[in-house]
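This report refers to the structure that appears directly beneath it.
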Amino acid sequence: MFDMTTEQQPISLPPYPLMIMEAIEASNDANGCNKTAIAKHIESAQSVLPPSHSTLLNYHLNQMKQSGQIAMVKNNYVKPDPNAPPKRGRGRPPKPKPKPKPQGDSIHVAILAPSVSPQRSRGRPPKVKDSSSEERVSGRPRGRPPKKAKTESETVIEATAQPNNGERRGGRGKPPKVKPVMVPVA
């Protein structure tokens with residue numbers, strides 16, 4: 001049924017970055033070559049390729065592009081110009097760090113320790129209490145004074161003084177609507 005004697009030999013290929021660079025150099029085009037041209041060159045140079053050749057090619061092209069080994073110009077891959085300035089990343093560049101000045105003609109250079117300051121907590125810092133700020137002009141504390149607690153006699157008087165006949169006296173909110181008295185017509 002299945003012949004186990006014929007095992008697949010591992011494919012020995014040169015590294016993909018090497019094959020990609022050979023394909024770009026072989027194109028001899030100033031504009032470089034695109035992905036399909038690189039793939040065709042590798043297929044013509046290598047007789048046996050793995051089934052995942054296109055995936056491996058895409059992966060290595062992206063890795064080489066990110067590492068700066070190749071550059072992409074108008075959908076074509078080219079070798080980067082050695083005289084070109086390095087590609088700058090996104091966002092604002094970091095501030096240059098100040099260089100420590102050498103002291104005199106001494107051979108030894110002093111190593112500056114980073115200044116150690118306590119970590120500040122989040123939010124507004126608390127007010128500093130000075131003895132001079134605690135003086136009060138009137139002698140009373142600031143703000144509204146707290147309510148006084150009711151005594152037992154006041155609670156008893158309040159419980160007995162309930163309004164008569166369902167009348168409300170001086171309560172809060174909108175007063176109830178007064179209904180007119182109906183007089184029977186005879």
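Hydrogens, waters and symmetry mates are skipped; everything else that's a heavy atom, side chains included, is used.
Note that the NZ atom of Lys74 and the CG atom of Asn31 stand 7.5 Å from one another [nearest 0.5 Å]. Between atom NZ of residue Lys40 and atom OG of residue Ser27 there is a gap of 13.5 Å, rounded to the nearest 0.5 Å. How far CZ of Arg92 is from NZ of Lys95: 7.0 Å, rounded to the nearest 0.5 Å. Leu61 contributes atom CG, which lies 11.0 Å from atom CD of Gln69 (distance to the nearest 0.5 angstrom). Note that OH of Tyr59 is 12.5 Å distant from CE of Met64, once rounded to the nearest 0.5 Å.
Put simply, the side chain of Leu57 reaches to within 4.5 Å of the side chain of Ile20, judged on heavy atoms. Met19 places none of its side-chain heavy atoms less than 4.5 Å from the side chain of His60. Here the side chains of Tyr16 and Met21 are not in contact, with every heavy-atom distance at 4.5 Å or above. Side-chain contact between Asn34 and Asn75 is absent, with no heavy-atom pair separated by less than 4.5 Å. Pro14 places a side-chain heavy atom less than 4.5 Å from the side chain of Gln46. Val78 has its side chain out of reach of Ile70: every pair of non-hydrogen atoms, C-beta onward, lies at least 4.5 Å apart.
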Practice problem: Would you please test Ile24 and His41 for side-chain contact (heavy atoms from CB on, under 4.5 Å) and show each step? | Solution: CA-CA 9 Å; Ile24 292 172; His41 182 271; over 6 Å; no
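Between Ile38 and Cys33, the shortest heavy-atom distance links the atoms CG1-SG, 3.5 Å. Shown here for Leu49 and Ile42, the closest heavy-atom pair between the two residues is CD2-CG2, 4.1 Å.
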